[in-house]
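Notes for the one structure printed next.
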Amino acid sequence: MSDRAVAEGARNGLFQQASLEFMRYFEDPTFMFSVPLELGGTLFQRKVWAALRRIPPGTTCSYGEMARRLGSSPRAVGNACRRNPCPVIVPCHRVVSANGLGGYAGATGGPLLARKRWLLAHEGVIVDG
DNA sequence: CAATTGTTTCGTC
DNA sequence: GACGAAACAATTG
């Protein structure tokens, strides 16, 4: 986020909206975020993130499906997901690998993966692993 | 198990 | 800046 955006966000009460939506999401997994985000990044990354935001809660998508939807390759999709600037709001946790769980926030194991599983479980998704 | 894929990143010129 | 090589949260043969 640019400094200017931060100042503007504060002025417009976007922080308040964001935290409100966070609380709503934690109470109700079917809630979908509507806060306007400042997604920089390359064109491809924004395409991937936009696609992520269209995944309904409680549903998962494989990297392969995303790749086909975007006319790209699974590896590239994973790359873009990894650079997701806003985890949770942009639900990169709804993207799983074909034979496992995939990764989260740059990690393929450890506590971050646990967080991903927690989020999915919160939405009623059971993952094998 | 190896080959392959698209995209980003890093090192060099 | 431009260019080539390596790396990556995977999938397919």
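Below, all heavy atoms of this structure are taken into account, side chains as well, without hydrogens, waters or symmetry copies. Lettering follows sequence order; numbering is per chain, from 1.
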**Report entry** Of all pairs that satisfy salt bridge (charged side-chain N to carboxylate O under 4.0 Å, His left out), the ones with a partner from residues 81-108 of chain A, not counting sequence neighbours
**Finding:** A/R94-A/E123
Query - Close approaches to DNA chain C from residues 94-101 of chain A, in residue order (heavy atom, under 4.0 Å) - result: A/S97, A/A98
Report summary line: Across all chains, not counting sequence neighbours, the salt bridge (charged side-chain N to carboxylate O under 4.0 Å, His left out) partners of A/R75 are none
Report task. For the residue pair A/Y104 and A/H93, categorise the inter-ring angle as parallel (less than 30°), tilted (30 to 60°) or perpendicular (more than 60°). Result -> perpendicular
Requested in this report: Please list all pairs passing the salt bridge (charged side-chain N to carboxylate O under 4.0 Å, His left out) test where one or both residues lie in residues 13-27 of chain A, with sequence neighbours left out.
Outcome: none
Report task. For the pair A/L120 and A/V96, evaluate side-chain contact (heavy atoms from CB on, under 4.5 Å) and give the outcome as yes or no after the intermediate values. Result -> CA-CA 10 Å; A/L120 287 172; A/V96 297; 4.2 Å; yes
**Report entry** Residue pairs passing the salt bridge (charged side-chain N to carboxylate O under 4.0 Å, His left out) test where at least one lies in residues 1-15 of chain A, sequence neighbours excluded
**Finding:** A/R4-A/E8, A/E8-A/R11
Query raised in the report: Residues two or more places apart in sequence or in another chain: which of them pass ring-ring contact (aromatic ring centres under 6.0 Å, His included) with A/F15?
Result: none
Query raised in the report: Would the number of heavy atoms belonging to other residues, nucleotides or ligands and lying under 6.0 Å from CZ of A/R68 be above 12?
Result: no
Query raised in the report: For A/L43, does the CG atom have more than 12 heavy-atom neighbours from other residues, nucleotides or ligands under 6.0 Å away?
Result: yes
Query raised in the report: By a strict heavy-atom criterion of less than 4.0 Å, which residues belonging to residues 40-69 of chain A are in contact with DNA chain C?
Result: A/S62, A/Y63, A/G64
Query raised in the report: Hey, would you say the A/F22 and A/F33 ring centroids sit under 6.0 Å apart?
Result: yes
Report summary line: Here the residues of residues 72-91 of chain A within 4.0 Å heavy-atom distance, strictly under, of DNA chain C are A/P74, A/R75, A/N79, A/C81, A/R82
Requested in this report: Return yes if some donor-acceptor pair links the side-chain N/O of A/K116 with the main-chain N/O of A/L101 below 3.5 Å, else return no.
Outcome: yes
Report task. Not counting sequence neighbours, list each pair that qualifies as a side-chain hydrogen bond (donor to acceptor under 3.5 Å, both in side chains) and has a residue in residues 52-64 of chain A. Result -> none
Query raised in the report: A/M66 and A/L52: side-chain contact (heavy atoms from CB on, under 4.5 Å), yes or no, with the steps?
Result: CA-CA 9 Å; A/M66 295 288 289; A/L52 285 180; 3.8 Å; yes
Report summary line: Taking Watson-Crick and G-U wobble contacts under 3.5 angstrom, with | marking pairs to another strand and [ ] crossing pairs, the secondary structure of DNA chain B is written ||||.||||||||
Report task. List for me each residue that meets side chain to side chain donor-acceptor pair (under 3.5 Å) alongside A/Q45, sequence neighbours excluded, and say none if there are none. Result -> A/T42
Query raised in the report: Between A/V6 and A/L14, is there a shared hydrophobic cluster once you connect ILVMFWY residues whose side-chain heavy atoms come closer than 4.5 Å?
Result: no
Query raised in the report: Taking any atom under 4.0 angstrom from a heavy atom of chain A, which nucleotides of DNA chain C are the first and last to qualify, 5' to 3'?
Result: C/dC8 to C/dT11
